[in-house]
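Contents: one structure, followed by commentary.
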Amino acid sequence: MSSRQFDVIVIGGGPAGSSAAGLLAKKGVNVLLLEREKFPRYHIGESLITGCIEVLEELGVRDRVEALGFVKKYGGSLVWGKDGRWNFSFDHGQPEYPHAYNVRRADFDALLLTRARELGTEVVEEAVVKEPVIEDGRVTGVRYAVRGGGEQEVRASFVLDASGQGRALGRHVSEVQWHDDLRNVAVWTYYQNGESLTGDEAGNIFIEHVPGGWFWYIPLNDGTHSVGFVTPVDEAKASGLDLPALFAAKIAESVHVKHLLAEGRQVSAFRNARDWSYTCERFTGPGWMLVGDAAGFVDPLFSTGVTLAMMAARAAADAVPHILADPAREEAVRERYESSYREFLGNIISFVRFFYDAGLDRKAYYEYAQALVDPKKLFFPREDFVTLISGLNRLRPIFDLSGDPAPAGPSGTAGSGSEAGPSDVVPDTVPDEPVPAPA
């Protein structure tokens with residue numbers, strides 16, 4: 001096998017991989033991106049949060065996203081806790097980003113992959129990564145095969161795994177810590193003629209807690225609504241129903257979703273996935289980093305998946321040029337990425353766990369968010385709540401080498417510093433490798 005050399009190999013062409021590749025290429029880094037599917041392709045995870053807007057702007061595609069006509073999402077509406085029905089607006093957190101979008105992932109992801117190409121990334125689709133190349137404990141490349149072709153080997157100074165729950169690289173270099181208290185399953189489908197929220201709630205994701213789980217209800221720009229039900233695996237088993245039947249039974253138990261779908265007509269088959277939250281034991285190692293769902297998957301309650309993936313991608317794209325410019329700093333830069341990413345992800349998981357107590361009031365949720373991200377109480381609790389669930393945490397960036405000059409990329413292009421925070425979606429699920437079946 002002949003072996004080509006790149007500065008960076010990115011595994012996966014979803015929002016994490018395309019964002020990381022595009023931002024690195026923009027800085028003059030020689031990048032190869034390997035994607036196992038042929039785009040466009042279907043994916044769940046349609047509801048974004050505002051933390052991704054800065055990444056879209058840095059990639060230079062915000063106007064293109066706007067032009068696709070996606071539904072603008074200004075916040076969320078919930079039936080949760082003692083307060084019954086309530087809502088939040090993104091402009092309570094950081095007003096310069098008052099809305100995100102509810103997207104068709106096939107279109108959104110294809111746009112990001114196209115942009116990565118435009119910025120100089122070499123993209124190979126239908127490329128299945130077989131294994132990493134490891135020499136003296138360092139990842140120095142990967143072996144992959146394009147469907148229908150033979151195996152190839154490529155080398156790089158650094159490898160980013162953004163392959164989602166498939167963890168194409170990560171499963172070889174890091175164990176996984178499963179969060180057993182967040183062992184959920186999701187079942188979803190699409191409806192036409194569902195009633196939309198109006199007024200200040202127009203475009204919001206609607207979340208309704210029902211006994212044994214919760215529903216999402218997301219308006220899309222083709223006139224359909226994405227409707228899904230999330231429940232603990234044990235609850236699903238105890239019901240004795242298959243997932244479509246359980247979905248129908250819980251619709252009947254709901255108050256608001258049932259009303260919203262009174263005139264609705266199901267227009268697609270059911271899909272399902274295990275939303276079993278996890279965190280990898282290591283996010284980095286010699287020659288590699290994990291990004292997005294490859295590093296950890298967070299319960300979809302606050303739609304954090306896509307945005308967190310893009311923010312982590314931006315953090316990796318800031319970190320790697322420091323390593324390429326000065327290899328002696330690699331361990332310190334990797335440690336900074338690992339610790340700050342892990343802290344941020346841990347805060348999201350902690351808040352999701354707290355929020356699953358549906359017997360509290362809004363004040364308790366606001367104050368817990370403040371304790372996580374703003375312990376000095378520099379802002380109001382409601383603002384901290386919105387900041388946390390929108391991915392715009394100004395106080396705890398995923399990666400920040402404050403005071404360090406931005407290094408030049410391998411081709412002499414200066415890199416730019418940035419801040420990053422977490423964020424959105426309904427599940428980035430359907431793993432590419434077998435996930436242990438719930439016991």
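Side-chain atoms of Thr307 do not come within 3.5 Å of backbone N or O of Leu48 as any donor-acceptor pair. Under the 3.5 Å distance criterion, the side-chain polar atoms of Asp161 are matched with a main-chain donor or acceptor of Gly170. Looking only at distances, no side-chain donor or acceptor of Asn204 sits under 3.5 Å from a matching main-chain atom of Phe206. When atom types are taken as modelled, the side chain of Arg115 and the backbone of Leu59 share a donor-acceptor pair closer than 3.5 angstrom. At least one donor-acceptor pair closer than 3.5 Å links the side chain of Glu208 to the backbone N or O of Val255. Side chain of Asp374 to main chain of Leu378: a donor-acceptor pair is present (N/O by atom type, distance under 3.5 Å, no hydrogens or angles). Side chain of Gln370 to main chain of Phe379: a donor-acceptor pair is present (N/O by atom type, distance under 3.5 Å, no hydrogens or angles). Checking side-chain atoms of Trp80 against main-chain N and O of Phe355 turns up a donor-acceptor pair under 3.5 Å. No donor-acceptor pair under 3.5 Å is formed between the side chain of Arg382 and the backbone N or O of Tyr366. Side-chain atoms of Asp83 come within 3.5 Å of backbone atoms of Arg362 as a donor-acceptor pair (strictly under, hydrogens ignored).
Salt bridge Arg183/Asp234: absent, no basic N to carboxylate O contact under 4.0 Å. Using a 4.0 Å cut-off between charged nitrogen and carboxylate oxygen, Arg64 and Asp107 do not count as a salt-bridge pair. Glu66 and Lys72 are joined by a salt bridge, as a carboxylate oxygen and a charged side-chain nitrogen come within less than 4.0 angstrom of each other. Using a cutoff of 4.0 Å between basic side-chain nitrogens and carboxylate oxygens, Glu235 and Lys250 are not scored as salt-bridged. Comment: Glu338 does not engage Arg334 in a salt bridge, judged by the lack of any side-chain N to carboxylate O separation of less than 4.0 angstrom. Between Glu37 and Arg105 there is no salt bridge, since no side-chain nitrogen of the basic residue lies less than 4.0 Å from a carboxylate oxygen of the acidic one.
Contact of the Leu160 side chain with the Leu24 side chain is registered, since non-hydrogen atoms from C-beta on lie closer than 4.5 Å. No side-chain heavy atom of Asp318 sits under 4.5 Å from any side-chain heavy atom of Tyr337. A 4.5 Å side-chain heavy-atom check between Phe270 and Leu243 finds every atom pair outside the cut-off. When side chains are defined from C-beta on, Tyr365 counts as touching Trp86, because their heavy atoms get closer than 4.5 Å. For the pair Ser77/Leu197, a side-chain contact is recorded, criterion being any heavy-atom separation below 4.5 Å from C-beta on. Taking the side chain as every heavy atom from C-beta outward, Pro15 and Asp109 approach each other to under 4.5 Å. Between Phe351 and Phe385 the shortest side-chain heavy-atom distance falls below 4.5 Å. Between Asp222 and Arg104, some side-chain heavy-atom pair lies under the 4.5 Å cut-off.
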I would like to know whether Ser19 and Leu112 meet side chain to side chain contact (heavy atoms under 4.5 Å, CB included); could you show each step before the answer? CA-CA 7 Å; Ser19 296; Leu112 294 180; 4.3 Å; yes
Let's go through Glu126 and Lys38 carefully: what are the C-alpha distance in whole Å and the side-chain angles of both, what is the deciding distance for salt bridge (Lys or Arg N to Asp or Glu O under 4.0 Å) to 0.1 Å, and is it a yes or a no? CA-CA 6 Å; Glu126 298 183 290; Lys38 177 66 178 176; 5.7 Å; no
Applying ring pair (Phe, Tyr, Trp, His ring centres under 6.0 Å), run through Tyr191 and His225 and close with a yes or a no. CA-CA 5 Å; Tyr191 284 83; His225 284 82; 9.0 Å; no
Test side chain to side chain contact (heavy atoms under 4.5 Å, CB included) applied to Leu113 and Leu33, step by step: CA-CA 9 Å; Leu113 188 64; Leu33 186 152; 3.9 Å; yes
Going through the distances and angles, do Ile11 and Trp288 end up as a side chain to side chain contact (heavy atoms under 4.5 Å, CB included)? CA-CA 11 Å; Ile11 307 171; Trp288 60 271; over 6 Å; no
Between Glu46 and Asn102, is a side chain to side chain contact (heavy atoms under 4.5 Å, CB included) present by the stated rule, with each step listed? CA-CA 5 Å; Glu46 298 133 329; Asn102 298 322; 5.5 Å; no
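Residue Ile207 holds its CD1 atom at 12.0 Å from CG of Asn87, rounded to the nearest 0.5 Å. Going from atom CZ of Phe344 over to atom CE of Met311 covers 7.5 Å, rounded to the nearest 0.5 Å. If you take CZ on Arg143 and NZ on Lys130, they are separated by 12.5 Å, rounding to the nearest 0.5 Å. Atoms CG and CG, on Leu111 and Leu56 in that order, are 8.5 Å from each other to the nearest 0.5 Å. Here the NE2-CD distance, from His259 to Glu195, works out to 4.0 Å after rounding to the nearest 0.5 Å. The CD atom of Gln266 lies 12.0 Å from the OG1 atom of Thr224; values are rounded to the nearest 0.5 Å.
Around the CZ atom of Phe380, the shell of radius 6.0 Å holds no more than 12 heavy atoms that belong to other residues, nucleotides or ligands. Residue Glu57 qualifies as enclosed at atom CD: its count of foreign heavy atoms under 6.0 Å is above 12. Other residues, nucleotides and ligands contribute only 12 or fewer heavy atoms inside 6.0 Å of the CG atom of Asp200.
Minimum interatomic distance between Ala316 and Val291 (heavy atoms only, all atoms of both residues): CB-CG2, 4.0 Å. Of all heavy-atom pairs spanning Ala369 and Leu388, the tightest one is CB-CD2, 4.0 Å. Residue Thr50 comes nearest to Ser390 through the heavy atom pair OG1-CB, 3.3 Å, listed as atom of the first residue, atom of the second, then distance. For Asn347 against Leu372, the heavy-atom pair with the smallest separation is O-CD1, 3.5 Å. Among all heavy-atom pairs drawn from Thr121 and Ala21, the shortest one is OG1-O, 3.2 Å. Here the closest non-hydrogen pair linking Arg353 and His179 is NH2-ND1, 3.4 Å.
Checked options Arg36, Arg117, Arg147; the residue passing with Glu125 is Arg117 (criterion: salt bridge (charged side-chain N to carboxylate O under 4.0 Å, His left out)). Tested against Phe229, the residues Tyr217, Trp216, Phe215 include a single ring pair (Phe, Tyr, Trp, His ring centres under 6.0 Å) partner, Phe215.
Using modelled atom types, one finds a donor on one side chain and an acceptor on the other under 3.5 Å when comparing Tyr368 with Ser350. Side-chain polar atoms of Asn184 and Asp299 form a donor-acceptor pair below 3.5 angstrom.
Ring geometry for His99 against Tyr101 counts as perpendicular: the plane angle is over 60°, on a 0 to 90° scale with 30° as the lower cut. A tilted orientation is assigned to the rings of Trp276 and Trp178, their planes being inclined by 30° to 60°.
Geometrically, Arg342 engages Phe283 in a cation-pi contact defined by less than 6.0 Å to the ring centre and at most 45° from the axis.
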